[in-house]
2 protein chains.
Amino acid sequence: MARPRKPLLSRERIVAAALALVDEEGLQAVSTRRLAAELGVSGPSLYNHFRTKDELLDAVADTVVAQVDLSMFEDGTRWADALVRWARSYRAALAAHPHIVPFLAQGPGRRPAGLRLADAVFGGMVNAGWPPGHATRIGAMMRYFVAGSALGSFARGFVDDPTAYDPDDYPHLGQAHLLPEHQQRVDEGAFETGLRALVDGLAIQYERLR
Amino acid sequence: MARPRKPLLSRERIVAAALALVDEEGLQAVSTRRLAAELGVSGPSLYNHFRTKDELLDAVADTVVAQVDLSMFEDGTRWADALVRWARSYRAALAAHPHIVPFLAQGPGRRPAGLRLADAVFGGMVNAGWPPGHATRIGAMMRYFVAGSALGSFARGFVDDPTAYDPDDYPHLGQAHLLPEHQQRVDEGAFETGLRALVDGLAIQYERLR
DNA sequence: ACCTGAACACCGTTCAAGT
DNA sequence: ACCTGAACACCGTTCAAGT
């Protein structure tokens with residue numbers, strides 16, 4: 001076939017196919033050959049659009065982070081409410097694509113959407129009266145919490161098998177085998193509880209600064 | 001060579017070598033052939049001791065989690081102080097081996113040390129008077145925060161290059177290029193700030209239960 | 001510029017063969 | 001039981017060749 005008159009691929013098409021594959025079958029399913037096959041081309045074709053597979057995954061990660069709503073840092077919302085709304089949007093964006101989170105959580109690097117996110121939360125906190133050092137730590141701790149919550153379900157981390165929890169070894173885990181079936185309620189409840197606690201705790205620190 | 005009179009390998013030796021390799025060169029450096037070479041044997045030999053590479057990594061993850069101190073849940077420490085001490089030990093254990101965290105954060109599964117940890121924190125919170133549902137959420141949210149903080153440095157996620165942060169695009173990131181060189185202070189400060197906020201926020205919820 | 005097949009140096013895992 | 005080499009079906013990436 002060689003070069004077609006109209007390109008078969010584009011960065012956008014490749015990223016979309018890669019994200020679909022990550023979501024359906026996990027990060028390890030994304031091989032250059034497999035991804036190329038989904039797109040109807042041969043493996044090396046991808047290297048006309050991305051220099052390495054890592055650069056491709058960077059682009060995938062950035063489209064996920066680009067979904068996070070940042071408007072609350074510029075529309076006059078008070079800082080504590082802004083953090084809550086932002087954290088929910090941030091978690092929703094990441095939890096929709098959990099298999100890319102380990103990759104994405106390595107930091108923004110040079111990814112534009114990651115940097116915009118860091119810029120927005122830092123700027124929002126500074127404008128709300130937090131000293132820069134505190135603003136940095138708030139951005140960091142929120143990323144810890146959100147990335148950790150999207151990285152893997154707490155509830156689904158337990159096996160769905162009562163015999164896995166010997167009462168002699170684990171006296172308090174008698175109900176743990178029920179966690180997987182309540183996955184969404186447990187994980188969202190824990191996220192909301194933690195988010196509430198984090199923001200309440202920050203409010204105490206904010207008062208001390210006055 | 002075939003079978004030696006005394007086994008060349010053991011699960012313990014394999015796990016120790018794998019952990020060293022993960023720490024020095026990252027998870028992707030741990031291939032069966034490479035690991036076997038470090039141990040002076042051929043690749044397939046590992047399959048006499050572990051059924052799959054994943055089972056081997058499970059064992060590596062479990063030795064890391066086994067380092068976490070759980071004594072504060074049984075020595076009469078009050079719940080809030082116990083959570084703080086536990087979280088610090090938990091984070092220290094994971095942050096010492098950051099490359100295994102994405103694997104480990106998928107949940108305890110059937111790993112004994114992971115289950116002991118879940119059992120201890122849940123039992124500790126229930127014994128302190130938290131209702132079981134709250135105790136579950138506390139365990140989950142602490143895992144989110146600790147795993148997220150150990151998964152990747154916040155500070156090192158930024159590139160060490162002033163020109164990477166165009167003021168037109170990122171008006172508040174003028175100092176971001178300095179973050180990597182203060183990595184430890186920034187990350188530990190953010191962890192301590194977040195931990196304080198989480199526990200203070202939980203204390204408010206605890207009061208409401210009375 | 002953008003695709004191809006061939007090639008290189010790797011993977012995880014299975015298996016028959018050796019002691 | 002526990003090691004080996006050979007083999008299978010994969011990897012990421014490079015590169016010369018094609019239009």
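The sequence lines fix the lettering, A, B, ..., with proteins before strands; numbering per chain opens at 1.
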Is the shortest side-chain N to carboxylate O distance from [X] to [Y] below 4.0 Å?
| X | Y | value |
| --- | --- | --- |
| B:R85 | B:D81 | no |
| B:R110 | A:D161 | yes |
| B:E192 | A:R137 | no |

What's [X] touching, base or sugar-phosphate or nothing? Going by heavy atoms closer than 4.0 Å.
| X | answer |
| --- | --- |
| B:R33 | base |
| B:S45 | base |
| B:T32 | base |

Which nucleotide in the list [options] gets nearest to the side chain of [X]?
| X | options | answer |
| --- | --- | --- |
| A:P7 | C:dC11, D:dT13, C:dC3 | C:dC3 |
| B:S31 | D:dC2, D:dT4, C:dG12 | C:dG12 |
| A:P44 | C:dC3, C:dC11, C:dT4 | C:dT4 |

Rounded distance in Å - [atom1] ([X]) to [atom2] ([N]):
| X | N | atom1 | atom2 | result |
| --- | --- | --- | --- | --- |
| A:D54 | D:dC11 | CG | C1' | 14 Å |
| A:L8 | C:dA1 | CG | P | 17 Å |
| A:Y47 | C:dT4 | OH | C1' | 15 Å |
| A:E25 | D:dC11 | CD | P | 11 Å |
| A:F50 | D:dT14 | CZ | P | 15 Å |
| B:L35 | C:dC10 | CG | C1' | 16 Å |
| B:L46 | D:dA1 | CG | P | 19 Å |
| A:N48 | C:dT4 | CG | P | 9 Å |

Under 4.0 Å: is that the gap between some side-chain N or O of B:H49 and OP1 or OP2 of D:dA1?
no
Can you confirm whether or not the ring centre of A:Y144 sits under 6.0 Å from the ring centre of B:Y144?
no
Identify, between B:K53 and A:G43, the residue whose nearest nucleotide on DNA chain C lies closer to the 5' end.
A:G43
Once the angle between the rings of A:Y165 and A:H177 is folded into 0 to 90°, is it parallel (under 30°), tilted (30 to 60°) or perpendicular (over 60°)?
tilted
Is C:dC15 paired to anything, Watson-Crick or G-U wobble with both distances less than 3.5 Å, and if yes, which nucleotide?
D:dG5
Heavy-atom nearest nucleotide on DNA chain D for B:S10 versus A:R51: which residue maps closer to 5'?
B:S10
